[in-house]
Amino acid sequence: MSLPEGTRIPQHIAVIMDGNGRWASQRGLPRLEGHRAGTENIRAIVSEASRLGVRYLTRYAFSTENWNRPSFEVQGLMQILSDFIDRETQNLHAQQVRLRHIGRLAGLNPLLAHKVEQAVALTQANSGLTLAIAFNYGGRADIVDAVRQIVAAGVDASQIDEQMISSYLSTSGMPDPDMVIRTSGERRLSNFLIWQAAYSEYWFTPIFWPDF
Ligand code: IPE
Ligand code: IPE
Ligand code: MG
């Protein structure tokens, strides 16, 4: 597909991948099957975004509020992230994708956190699309953590401005999202990038994430 002249490609697209559970229920499958199916389309989306020249793609995969789900589902989501890293890292690395994690890594099981860190380290010098995975991410927690770090660094109150706060958030160095996409028909941010998406365009679709 060639793009019409004058087309502007968003630099940063952020996606709230929602509707896995409903996708599974509609098919009489367990919710975790919906989450598994939801990771299958990522490969195609990353390739297409790279091809179009998108520089940053952020995926909301697990929110700080998602810990409130039944422990079986939480454990399943942890396993899916672990499997995703095992299965996809080499392929993403070969495509020059840079992996990045946003959110609280420290809240994860140490083995999983280590696996994420290794994948990030392996791909950090790549020159292609940055794929940021928001896992154990919450916009409010991100701001709380930034404020804690600013205070711990002994910064004088008069020095604090918007740019400084942005630089302490887990998205530091990334441009704000130009566009936020949410699947499944819900129209809210659910604590995703609440600071960074202050000026983003929002696009909602009723399609469930595994079908996106
Ligand atoms: C989104 O799908 C994935 C996560 C939040 C982990 P959901 O699990 O929220 O699916 P629905 O909203 O119940 O359909
Ligand atoms: C938002 O979806 C979080 C992710 C997609 C990871 P949820 O399904 O958890 O959000 P709410 O509970 O409907 O707001
Ligand atoms: Mg949901």
Side-chain angles (χ1 to χ4, degrees), residues 12-46 49 56-88 99-109 112-113 115-116 119 130-145 169-171 174 176-177 179-198 200-212:
H12 181 182
I13 301 178
V15 192
I16 304 172
M17 310 185 293
D18 199 11
N20 293 346
R22 280 163 284 168
W23 181 92
S25 311
Q26 270 189 349
R27 287 161 179 75
L29 297 169
R31 291 178 59 84
L32 282 177
E33 288 306 313
H35 296 312
R36 281 203 190 90
T39 60
E40 288 303 314
N41 58 10
I42 289 163
R43 211 173 306 131
I45 290 171
V46 167
Y56 297 86
L57 187 67
T58 302
R59 312 165 35 215
Y60 201 12
F62 190 89
S63 74
T64 46
E65 289 68 36
N66 288 151
W67 292 107
N68 298 325
R69 295 192 178 199
S71 67
F72 177 75
E73 185 173 352
V74 170
Q75 286 320 308
L77 288 163
M78 299 293 149
Q79 188 61 49
I80 287 168
L81 175 64
S82 175
D83 294 345
F84 174 81
I85 294 171
D86 289 343
R87 203 180 59 227
E88 301 294 339
L99 275 171
R100 180 165 174 167
H101 171 263
I102 66 169
R104 287 178 169 164
L105 206 50
L108 304 181
N109 158 322
L112 180 56
K115 195 177 266 195
V116 173
T130 295
L131 176 63
I133 303 178
F135 199 96
N136 196 18
Y137 179 84
R140 291 179 178 176
D142 202 5
I143 294 168
V144 167
D145 292 348
L169 293 171
S170 58
T171 46
M174 290 167 65
D176 287 341
M179 186 181 193
V180 176
I181 296 174
R182 184 168 188 154
T183 58
S184 90
E186 310 301 336
R187 291 166 170 253
R188 56 180 174 274
L189 269 183
S190 299
N191 202 12
F192 187 43
L193 302 177
I194 53 174
W195 171 281
Q196 299 87 338
S200 306
E201 303 288 334
Y202 291 84
W203 192 78
F204 300 102
T205 170
I207 295 171
F208 294 143
W209 174 254
D211 289 332
F212 183 73

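Counting starts at 1 for both ligands and their atoms, in listed order.
- Between the OG1 atom of Thr171 and the CZ atom of Arg100 there is a distance of 7.0 Å, given to the nearest 0.5 Å.
- The one candidate from Trp209, Phe208, Phe204, Trp23 that meets the side chain to side chain contact (heavy atoms under 4.5 Å, CB included) condition with Ser184 is Phe208.
- Using 4.0 Å as the threshold, His35 has a heavy atom nearer than that to some atom of ligand 1.
- A donor-acceptor pair under 3.5 Å is formed between the side chain of Asn66 and the backbone N or O of Ser63.
- Remark: side-chain polar atoms of Arg36 are not paired, donor with acceptor, to backbone N or O of Ile80 under 3.5 angstrom.
- Asp176 and Trp195 are not linked by any side-chain donor-acceptor pair at a separation below 3.5 angstrom, with hydrogens and angles left out of the test.
- Excluding waters, the protein N/O/S atoms found under 2.8 Å from the Mg ion (ligand 3) are Asp18 OD1.
- For Ser184, the heavy-atom gap to ligand 1 stays at 4.0 angstrom or more.
- Using a 4.0 Å heavy-atom cutoff, Arg188 is listed among the residues neighbouring ligand 2.
- Taking each of Glu65, Arg182, Met17 in turn, the one with a heavy atom nearest to atom 2 (O) of ligand 2 proves to be Arg182.
- For ligand 2, the polar-atom distance check finds an N/O of Asn66 within less than 3.5 Å of one of the ligand's N/O atoms.
- At a heavy-atom distance under 4.0 Å, only backbone atoms of Phe62 (N, CA, C or O) approach ligand 2.
- With a 4.5 Å cut-off on side-chain heavy atoms, Gln196 and Val180 do not count as touching.
- Nearest non-hydrogen protein atom to atom 8 (O) of ligand 1 is Arg69 NH1, 2.6 Å.
- Here the shortest heavy-atom pairing between Ser170 and Asp142 reads N-OD1, 2.9 Å.
- Taking a cut-off of under 4.0 Å to the non-hydrogen atoms of Arg22, the atoms of ligand 1 that pass are 11 (P), 12 (O), 14 (O).
- Considering backbone and side-chain atoms together, Glu186 places no N or O closer than 3.5 Å to any N or O of ligand 2.
- Taking the ring axis of Phe212 as reference, the NZ or CZ atom of Arg59 does not stay both within 45° of it and closer than 6.0 Å to the ring centre.
- Residue Asp18 has at least one N or O atom closer than 3.5 Å to an N or O atom of ligand 1.
- In the displayed structure, Phe72 atom CZ is contacted under 6.0 Å by at most 12 heavy atoms of other residues, nucleotides or ligands.
- With hydrogens left out, the protein atom closest to atom 10 (O) of ligand 1 is Gly21 N, 2.9 Å, a heavy atom.
- Using a 4.0 Å cut-off between charged side-chain N and carboxylate O, Asp211 and Arg27 make a salt bridge.
- Note: no N/O pair closer than 3.5 Å links Tyr60 and ligand 2 by distance alone.
- Side-chain contact between Glu88 and Thr39: absent, with no pair of heavy atoms (C-beta onward) separated by less than 4.5 Å.
- Closest to atom 14 (O) of ligand 2 among all protein heavy atoms lies Ser190 OG, 2.6 Å.
- Within the listing of ligand 2, atoms 5 (C) sit less than 4.0 angstrom from a heavy atom of Ile16.
- Of all non-hydrogen atoms in Gly107 and Asn136, the two that sit nearest each other are CA-ND2, 3.7 Å.
- Distances below 4.0 Å separate heavy atoms of Ala61 from the following atoms of ligand 1: 6 (C).
- In plain terms, the two heavy atoms of Ile16 and Leu189 that are nearest each other are CD1-O, 3.8 Å.
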